[in-house]
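Before any comments, here is the structure.
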Amino acid sequence: KVVEMANGKFCWLLGSDDYIEKDSLRQALILINENKEVGLFILSRKSYDFKMKKEVLSSDPLKKKFNQNTKFSNVFDTVSNVASTLSCFSVLLFKKEKWNLIKGNDEFIGSIYMHIYKMLSMVKSGMVVMYVTKNFVKSRTGNDYYLQQLKYVGRLKKDIVGYSKISETVFGKDSKEYKAIMNQFI
């Protein structure tokens with residue numbers, strides 16, 4: 001509902017325990033104005049300990065893969081590279097009009113995956129996605145409710161099942177996109 005309430009052209013959802021880096025709003029506006037064709041920016045993040053005092057090793061898989069801003073305009077290339085990163089909604093800066101065009105699948109409403117369904121559907125529609133290497137977000141580690149409740153294997157299983165359902169719904173189970181997404185969890 002929060003996206004529906006917004007009245008800007010772009011939306012940037014932040015988790016309750018994530019922070020934006022200094023000057024990130026101004027930098028985001030520059031990105032948007034310089035890349036008008038982009039519908040989704042995936043912003044880099046720095047990971048911090050639970051108290052947000054000490055920087056820890058990043059779990060951002062895109063940081064390890066790309067050392068410069070990268071645009072994806074092909075659906076397969078996009079999902080092959082960025083699908084697993086969509087679970088961290090604090091790094092997603094997206095066009096509100098694109099979000100609104102996707103009618104939510106009711107089975108994902110109320111789950112931790114509704115935004116992933118929307119993002120993958122937006123990607124399928126041909127939206128240009130850009131990974132941005134500059135850190136925009138400070139992300140707290142060690143606070144994952146599901147990880148605490150389900151432990152590592154249970155949390156991973158929840159993600160695999162969730163992504164599998166969404167990917168099958170959006171792309172079909174026999175699609176190369178579905179297989180590329182699921183390969184990110186293996």
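By convention here, the first residue in the shown sequence is residue 1.
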*Taking atom CG of L92 and atom CH2 of W99, what is their separation to the nearest 0.5 Å?*
8.5 Å
*asked:* Assigning hydrophobic clusters by single linkage (Ile, Leu, Val, Met, Phe, Trp, Tyr; side-chain heavy-atom cutoff under 4.5 Å), is V132 placed with L25?
replied: yes
*So, does S90 use its side chain to make a donor-acceptor pair with the main chain of G15 at under 3.5 Å?*
yes
*Measure from the side-chain N and O atoms of T70 to the backbone N and O of Q68, and report whether any donor-acceptor pair falls under 3.5 Å.*
yes
*Looking only at heavy atoms, what is the nearest atom pair of L31 and F41, with distance?*
O-CZ, 3.7 Å
_Check: T85/Y131 side-chain N/O donor and acceptor closer than 3.5 Å_ = no
*Taking side-chain hydrogen bond (donor to acceptor under 3.5 Å, both in side chains) as the test, write out the residues that go with N33, two or more places apart.*
K36
*Is the closest side-chain donor-acceptor distance between N135 and S44 under 3.5 Å?*
no
_Measuring from atom CE of M127 to atom CD1 of I102, what distance do you get when rounded to the nearest 0.5 angstrom?_
8.0 Å
_Test side-chain contact (heavy atoms from CB on, under 4.5 Å) on E21 and K46; report intermediate values, then the result._
CA-CA 9 Å; E21 294 278 2; K46 280 186 186 176; 3.6 Å; yes
*Following the transitive rule for hydrophobic clusters with a side-chain heavy-atom cut-off under 4.5 Å over Ile, Leu, Val, Met, Phe, Trp and Tyr, establish whether M119 and F76 coincide in one cluster.*
no
*Do you see a donor-acceptor pair shorter than 3.5 Å between the side chains of K118 and N100?*
no
*For residues 67-77, pull every pair meeting salt bridge (Lys or Arg N to Asp or Glu O under 4.0 Å), keeping only residues two or more places apart or in separate chains.*
E37-K71
*Mind checking what makes salt bridge (charged side-chain N to carboxylate O under 4.0 Å, His left out) contact with K165, not counting sequence neighbours?*
E107
*Between F10 and K96, is there a cation-pi geometry (under 6.0 Å to ring centre, at most 45° from the normal)?*
no
*Heavy atoms, side chains only, cut-off 4.5 Å: are I32 and L93 in contact?*
yes
*Is I30 reachable from V128 through a run of I, L, V, M, F, W or Y residues, each pair having side-chain heavy atoms under 4.5 Å apart?*
no
*asked:* Is there a side-chain contact between L86 and Y117 in this structure, where contact means two heavy atoms from C-beta onward sitting under 4.5 Å apart?
replied: no
_Using every non-hydrogen atom in the two residues, find where A28 and W12 come nearest and quote the distance to one decimal._
CB-CZ3, 4.5 Å
_Euclidean distance, S121 OG relative to K98 NZ, rounded to 0.5 Å_ = 13.0 Å
*Between M5 and L13, is there a shared hydrophobic cluster once you connect ILVMFWY residues whose side-chain heavy atoms come closer than 4.5 Å?*
no
*asked:* Let me confirm one number: the NZ-NZ distance from K138 to K22, rounded to the nearest 0.5 Å.
replied: 10.0 Å
*Under the side-chain contact (heavy atoms from CB on, under 4.5 Å) rule, what do C88 and R45 come out as? Steps first, then yes or no, please.*
CA-CA 10 Å; C88 180; R45 67 184 187 266; 3.9 Å; yes
*Side-chain donor-acceptor pair present, Y178, S164, cut-off under 3.5 Å*: yes
*Is there a donor-acceptor pair closer than 3.5 Å between any side-chain N or O of D18 and the backbone N or O of L14?*
no
*Going by heavy atoms in the side chains, are Q27 and K134 under 4.5 Å from each other?*
yes
*Straight-line distance of I116 CD1 to I166 CD1, nearest 0.5 Å*: 5.0 Å
*Do I20 and F136 come close enough that some side-chain heavy atom pair is under 4.5 Å?*
no
*If you look at every heavy atom in L120 and F171, which pair is closest and at what distance?*
O-CZ, 3.9 Å
*For the hydrophobic clusters of this structure (ILVMFWY residues joined by side-chain heavy atoms under 4.5 Å, transitively), does one cluster hold both V2 and L101?*
no
*Between T133 and F66, what is the shortest heavy-atom contact and its length?*
CG2-O, 4.1 Å
*side-chain contact (heavy atoms from CB on, under 4.5 Å) between M130 and I42: does it pass, once the steps are laid out?*
CA-CA 6 Å; M130 181 176 178; I42 299 177; over 6 Å; no
*Candidate pair V123 and F72, rule side-chain contact (heavy atoms from CB on, under 4.5 Å), full reasoning*: CA-CA 10 Å; V123 167; F72 303 96; over 6 Å; no
*How long is the span from the CD atom in Q184 to the OG atom in S80, to the nearest 0.5 Å?*
7.0 Å
